[in-house]
Amino acid sequence: MTDEKRLVIELDHLRKMYGDFVAVEDANFSIANGEFFAILGPSGCGKTTMLKMIAGFEKPTSGRVLLDGEDVSSVPPYRRNVNTVFQQYALFPHMSVFDNVAFGPRSAKKFDDARIKKDVTEILEVVRLGKFAARKPSQLSGGQQQRVALARALVNYPSALLLDEPLAALDLKLREAMQIELKRIQREVGISFIFVTHDQGEAITMSDRIAVMSEGRVEQIGTPEQIYRSPASLFVAGFIGSANLLPATVESNSKQWLHVRTTRGIALKVPVTSASFAVGDKVCVMLRPERLHPAQSIDESGSGLDGILTDLVYQGATARLIVHQTDDTEISALIDANALPSWARPGEKICLVWSDDCPYVLAGWPDHAGATTTSVDHVEASL
Amino acid sequence: MLARRADIVGLGALAVSASCLVALGTGWFQGTLNALVVLLLLIVVVGVLVLAAFGGPEARRLLAPYGLMKPGLLWMALFFLAPVWSLVRISLSTKESRFSVRYEFNWAWENYSRAFSDFGGQFQRAFLYSFIATILTIVIGYPIAYVIAFRGGRFKNFLLGLVVIPFFTSYLIRTIAWSTILADQGPLVSVLNKLGLVNVFEWLHIMDNGKLLNTPAAVIGGLTYNFLPFMLLPIYVSLEKIDQNLVNAAKDLYSTPTVAFRKVVLPLSIPGVFAGTLLTFIPAAGDFVNAQFLGNPNTTMIGNSIQDQFLRQNNYPVASAMSTVLMVSITALVLLYTKFFGTEKLV
């Protein structure tokens with residue numbers, strides 16, 4: 001990662017239409033050398049189409065793709081110096097692991113056989129598959145196939161590596177191990193990885209930066225922390241992590257605080273963000289569940305909500321509290337299981353309090369007030 | 001005791017009843033002995049059924065596989081093993097007299113030498129014509145199968161339907177229809193005459209003396225036409241199974257579309273070509289319909305000669321010898337082909 005500032009991929013007002021359907025709308029961002037970049041969004045949001053346009057399998061309707069500063073919009077995939085790890089790996093079943101990995105260099109015809117053999121052997125060591133070179137893909141486990149796919153792409157020294165849902169086909173334990181493995185390999189080879197995923201946890205743990213997409217639009221680009229702490233839209237707030245969204249109206253604003261009243265009639269004060277709001281604007285207050293604490297009453301100075309504790313889900317290290325407010329919106333809190341107060345029992349009255357810097361204000365009212373991702377119907381509707 | 005060894009009983013019953021059927025089919029025994037064989041067959045079949053009915057669940061479980069194999073195996077014993085036995089036996093026999101229908105088995109190897117000396121040309125032609133026809137079905141069928149599998153889209157089933165439609169007409173009628181199309185006064189010849197392409201076609205050895213019909217090319221063409229679907233469909237099936245992402249992966253790894261086809265699609269479709277070759281070459285080598293309706297006396301294939309010797313010359317011994325040679329040589333060729341191009345190494 002010597003020249004970290006060098007841009008490897010630049011998307012210039014990229015747009016893709018299928019008939020009347022807009023698959024990707026005005027994507028305009030760039031990815032630096034050595035970056036681990038995630039394109040995150042629910043299925044059908046256009047993230048795979050975006051990846052295919054970078055790889056060259058789809059032609060943009062308008063806009064340009066620049067690779068190492070060169071316009072490659074109409075260059076076919078076999079002349080682009082990016083390589084793809086396909087979702088189901090797409091390993092050639094009739095070739096050994098070695099031949100699979102050697103496929104790229106042999107087709108490119110840049111190096112002689114001795115050099116190719118050395119490169120392939122080296123990259124197989126990097127992905128820890130040195131001993132499996134003679135095997136057929138069908139004789140390997142899912143995780144090993146995944147690593148062959150990685151080696152097959154990386155052996156070509158691409159400017160960037162594109163990964164299409166690379167971990168979706170693996171089971172949970174293997175997925176977690178492969179997340180660490182992918183990071184290690186990326187550090188070792190120093191190539192930018194651009195990976196497409198619908199799993200927000202995966203995107204947050206692995207990437208340097210994330211582009212969140214919804215319905216063809218890029219909603220926000222930023223570091224995982226930026227996206228988690230200050231989501232740019234209601235969609236991002238709901239999609240990344242879980243959140244409690246309270247619809248409210250602005251009553252007054254000062255330099256530091258915004259005073260709002262929720263639709264339930266509760267007055268809350270919220271720190272001012274870069275977005276400006278006028279009195280009377282419809283806004284939404286986001287409260288992250290892990291920043292809410294149970295209390296028996298709301299003291300004068302602090303902010304809080306009250307309700308009935310309807311569910312207490314013990315999760316080992318943490319416990320989730322589901323609180324129903326009088327208007328039946330659900331609020332969820334995530335607390336340290338050891339800090340669970342003895343008086344918190346399902347069916348009892350409970351208050352949830354927070355410190356002043358916890359609430360975050362967003363424009364617009366949510367479709368669904370209260371906690372995201374607690375109700376099955378709501379999760380299904382958002383997918 | 002019998003119930004616990006029901007599998008042995010089942011296997012034994014199968015072997016005995018199959019042997020009985022072969023004996024009956026080939027007429028090994030006469031008179032009373034024949035009646036005894038029928039009796040033995042009945043006893044064995046009824047015995048097994050009784051064991052299955054009263055032997056308990058374990059006996060039934062052990063008998064089941066043999067019971068399931070029985071219909072097929074007995075059918076094959078009566079209609080395949082018995083005729084083959086008779087065929088080989090007659091091929092080594094001589095007629096008792098010119099007008100007799102009785103044969104005397106006397107290791108008459110001269111039938112085989114006659115088959116080779118008199119019909120060597122027909123053997124050669126049969127293998128040559130069916131070999132060329134097989135190659136042509138690959139050349140014609142592969143691209144069509146490729147287009148249907150990869151570019152067919154929602155018309156896939158419709159296009160496959162078009163491939164199968166000729167089967168709704170009988171084989172014989174299709175071949176006779178070709179003799180009308182290729183006839184001297186037919187549409188094709190007159191068009192070629194008008195375009196002045198006759199010389200080119202004669203130079204290519206497709207036409208002979210201004211004729212399309214009754215030429216080797218017509219016979220090979222007929223074979224190619226009739227066996228095309230048997231090549232096309234297996235190739236289609238193997239192409240259909242290929243994941244489009246494999247082609248994308250090859251392109252992603254710096255292969256042009258041509259190289260991607262040669263290195264990925266072609267090797268993965270070889271099992272289909274292999275199956276298609278067997279389904280085309282084997283029946284084509286024994287075919288006599290195309291040579292009869294589309295050929296001339298100099299294009300007869302071994303199938304025509306066998307038919308002629310059996311049905312017109314009534315020379316069963318030589319006809320049987322020819323059939324045996326054809327059977328053995330096709331088996332040998334297929335075994336060789338499987339050894340060199342067998343698909344077990346793939347995937």
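Sequence lines set the chain letters: A, B, ... in the order given, protein chains first and strands last, and positions in each chain run from 1.
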Novice: What part of A250(B) is in contact with chain A, defined as an atom under 4.5 angstrom from a non-hydrogen atom: side chain, backbone, both or neither?
Specialist: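 Both backbone and side chain.
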Novice: Please classify the contact of L162(A) with chain B as side chain, backbone, both or neither, using a heavy-atom distance under 4.5 Å.
Specialist: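 No part of it gets close to chain B.
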Novice: Can you tell me which of L246(B), N245(B), V247(B), D252(B) forms the most heavy-atom pairs within a distance under 4.5 Å of chain A?
Specialist: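 Ranked by heavy-atom pairs under 4.5 Å with chain A, first place is D252(B).
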Novice: Would you find more than 12 non-hydrogen atoms of other residues, nucleotides or ligands less than 6.0 Å from R184(A) atom CZ?
Specialist: yes
Novice: Given that the side chain runs from C-beta out, which part of F57(A) has a heavy atom under 4.5 Å from chain B: side chain, backbone, both or neither?
Specialist: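 Just the side chain, heavy atoms under 4.5 Å.
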Novice: More than 12 heavy atoms of other residues, nucleotides or ligands under 6.0 Å from CZ of F158(B): is that the case?
Specialist: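 12 or below, so no.
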Novice: Does N157(B), at its CG atom, have more than 12 non-hydrogen atoms belonging to other residues, nucleotides or ligands within less than 6.0 Å?
Specialist: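 Check fails, neighbour count at 12 or below.
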Novice: Quick one: of V85(A), N83(A), T84(A), who has the most non-hydrogen atom pairs under 4.5 Å with chain B?
Specialist: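 Among V85(A), N83(A), T84(A), the one with the most close pairs to chain B is N83(A).
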Novice: Is there side-chain contact between P93(A) and L268(B), with at least one heavy-atom pair below 4.5 Å?
Specialist: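 Yes. Closest side-chain heavy atoms under 4.5 Å.
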Novice: Does F80(B) CZ have over 12 foreign heavy atoms under 6.0 Å away?
Specialist: no
Novice: When heavy-atom pairs shorter than 4.5 Å are enumerated against chain A, which of T256(B), L253(B), D243(B) gives the highest number?
Specialist: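 Of T256(B), L253(B), D243(B), L253(B) has the most heavy-atom pairs under 4.5 Å with chain A.
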Novice: Taking the six-membered ring of F103(A), is NZ or CZ of K263(B) closer than 6.0 Å to its centre and within 45° of its axis?
Specialist: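 Yes, K263(B) sits over the ring of F103(A).
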Novice: Looking only at heavy atoms, what is the nearest atom pair of R80(A) and Y254(B), with distance?
Specialist: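 Shortest heavy-atom separation between R80(A) and Y254(B) comes out as O-CE2, 3.6 Å.
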Novice: Which heavy atom of S107(A) sits nearest to which heavy atom of S255(B), and what is that distance?
Specialist: OG-OG, 3.0 Å
Novice: Just checking E70(A): does its CD atom have more than 12 heavy atoms from other residues, nucleotides or ligands closer to it than 6.0 angstrom?
Specialist: no
Novice: Quick check on F131(B): does its CZ atom have over 12 non-hydrogen neighbours (other residues, nucleotides or ligands) under 6.0 Å away?
Specialist: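 No - once you tally the heavy atoms of other residues, nucleotides and ligands closer than 6.0 Å, there are 12 at most.
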Novice: What's the shortest heavy-atom distance between P257(B) and Y78(A), and which atoms?
Specialist: CD-CE2, 3.4 Å
